[in-house]
Amino acid sequence: MSKANTVVVLDFETTGLSPTYGDRAIEIGAVLIENGEIKDRFQELMNPGRPIDGFIESYTGITNDMLKDARPCKEVMSQFAGFIGDYNLVAHNASFDKRFLDAELKRVSKQYTGKFACSMLLSRRLYQGAADHKLATLVRYAKIPSDGNFHRALYDSEMTAKLWLSMLEHINSHYGLPSIPFTLIQKLSKTPKHKVSQYLNR
DNA sequence: TGCCAGGCCCTCTTTAGGGCCTT
């Protein structure tokens with residue numbers, strides 16, 4: 001599979017916000033996009049080794065009962081390392097998912113070489129008219145069909161993937177760029193908002 | 001057991017503060 005035309009879009013559900021303060025992953029979901037199409041999927045719950053609190057149960061719909069028989073994080077993450085391989089990676093608010101990916105893979109002595117891009121940072125440049133840049137809001141803004149079942153890992157990764165493809169199509173239709181290298185998307189995601197057109201029209 | 005983040009980005013900025021996003 002061509003690395004240049006492939007990205008893995010991933011999403012974690014977790015026990016909280018900070019792996020450096022002991023939070024763990026409880027579910028990973030991911031889709032593999034090749035040449036603009038979803039070609040593969042990965043989804044699994046994982047047992048973090050301790051109970052999750054009521055807020056997380058309510059927020060995700062993942063219960064302690066569901067996690068009781070799930071495989072431990074180390075088994076799931078070792079397998080997931082094989083799924084992401086050396087592909088580049090995308091997530092919505094990628095700094096969050098990158099922290100958990102790094103922390104969980106470090107526990108199983110796995111590494112990855114792909115680079116991250118962030119769909120939220122890109123959307124702040126391309127979809128400046130959106131009411132906000134939450135994933136659900138952007139899915140509605142981009143008119144992506146959705147049943148509204150957010151906050152599960154595979155569903156959110158699929159919606160992020162479709163949002164990502166929507167933004168690539170936006171770049172093509174507005175700026176005549178049918179394909180744009182991943183490294184340029186990363187740079188675009190850090191470009192000052194008022195310079196986006198200048199950046200893409202050069 | 002319970003504690004709890006951090007990068008981006010704007011502005012009443014840069015010797016700072018606070019909202020947005022993710023769970």
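Below, read A as the first sequence line, B as the second, and so on, with proteins coming before strands; counting in each chain starts at 1. Predicted model, so just to flag it, every value in this text is computed and none were measured.
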Exercise. Given atom CD of Q186(A) and atom C1' of dC8(B), what is their separation to the nearest angstrom?
Worked result: 16 Å
Exercise. Under 4.0 angstrom, heavy atoms only, what part of the nucleic acid is F12(A) near: base, sugar-phosphate, or nothing?
Worked result: sugar-phosphate
For this session: Write down the distance between CE (M46(A)) and P (dT23(B)), rounded to a whole number of angstrom.
Result: 14 Å
Problem set entry | H151(A) side chain near dT23(B) phosphate (N/O to OP1/OP2, under 4.0 Å) | yes
For this session: Ignoring backbone atoms, establish whether H133(A) has a side-chain N or O less than 4.0 Å from OP1 or OP2 of dC21(B).
Result: yes
Exercise. Checking all strands, does D97(A) fall into the base, sugar-phosphate, or nothing category for heavy-atom contacts under 4.0 angstrom?
Worked result: nothing
For this session: Hey, which sits more toward the 5' end of DNA chain B by its nearest nucleotide, T20(A) or N93(A)?
Result: T20(A)
For this session: Specify the separation, in whole Å, of atom CD of E13(A) and atom P of dT23(B).
Result: 5 Å
Problem set entry | Nucleotide nearest K193(A) when distance is taken to its side chain, options dC8(B), dA5(B), dC10(B) | dC10(B)
Exercise. Between dA5(B), dT23(B), dG7(B), which nucleotide gets closest to the side-chain atoms of Y21(A)?
Worked result: dA5(B)
Exercise. Side-chain N or O of K134(A) less than 4.0 angstrom from OP1 or OP2 on dC20(B)?
Worked result: no
Exercise. Rounding to a whole Å, what distance do you find between R50(A):CZ and dC3(B):P?
Worked result: 12 Å
Problem set entry | Rounded distance in Å - CG (L138(A)) to P (dC20(B)) | 14 Å
Seminar exercise, completed: Atom CE of M120(A) and atom P of dC20(B) are separated, to the nearest Å, by 12 Å
Seminar exercise, completed: From the list E27(A), E158(A), E13(A), side chain to side chain donor-acceptor pair (under 3.5 Å) with R152(A) holds only for E27(A)
For this session: Could you give the distance separating dT13(B) and dC9(B) at their C1' atoms, to the nearest angstrom?
Result: 12 Å
Exercise. Do T15(A) and R50(A) come close enough that some side-chain heavy atom pair is under 4.5 Å?
Worked result: yes
Problem set entry | Short side-chain N/O contact to dC8(B) OP1/OP2 from R125(A), under 4.0 Å | no
For this session: Could you state the atom-to-atom distance from CZ of R99(A) to P of dC4(B) in whole Å?
Result: 17 Å
For this session: Under 4.0 Å between any heavy atoms, over every strand shown, what does D156(A) touch: base, sugar-phosphate, or nothing? Just pick one.
Result: sugar-phosphate
For this session: Please measure how far the C1' atom in dG6(B) lies from the corresponding atom in dT23(B), and state the result in whole Å.
Result: 13 Å
For this session: Tell me which nucleotide among dC4(B), dT23(B), dC21(B) gets nearest to the side chain of D23(A).
Result: dC4(B)
Seminar exercise, completed: Ranking dT22(B), dT23(B), dA5(B) by distance to the side chain of I56(A), first place goes to dT23(B)
For this session: Round to the nearest Å and state the distance from K98(A) atom NZ to dC21(B) atom C1'.
Result: 17 Å
Exercise. Can a donor-acceptor pair be found between the side chains of S123(A) and Y141(A) at a distance below 3.5 Å?
Worked result: no
Exercise. With a non-hydrogen cut-off below 4.0 angstrom, is T15(A) in contact with a base, only sugar-phosphate, or nothing?
Worked result: nothing
For this session: Provide the distance between the two P atoms, one in dG18(B) and one in dC12(B), to the nearest whole Å.
Result: 15 Å
Problem set entry | Non-hydrogen side-chain atoms of L101(A) and I84(A) separated by less than 4.5 Å | yes
Exercise. How about S18(A) and D23(A): does a side-chain donor come under 3.5 Å of a side-chain acceptor?
Worked result: no
For this session: Answer whether the closest heavy-atom distance between the side chains of V139(A) and F150(A) falls below 4.5 Å.
Result: yes
Problem set entry | From dT23(B), dC8(B), dG6(B), nucleotide with atom closest to L121(A) side chain | dC8(B)
Exercise. Between dT23(B) and Y59(A), is there an OP1 or OP2 to side-chain N/O distance shorter than 4.0 Å?
Worked result: yes
Exercise. Is any side-chain heavy atom of H133(A) closer than 4.5 Å to a side-chain heavy atom of L138(A)?
Worked result: yes
Exercise. In whole Å, what separates the C1' atom of dT14(B) from that of dC8(B)?
Worked result: 16 Å
Exercise. C1' atom, dT22(B) versus dC4(B): distance in rounded Å?
Worked result: 15 Å
Exercise. Side chain of K190(A): nearest nucleotide among dG7(B), dC8(B), dT22(B)?
Worked result: dC8(B)
For this session: Find which nucleotide of DNA chain B each of A136(A) and S95(A) is nearest to by heavy atoms, and output the residue with the more 5' nucleotide.
Result: S95(A)
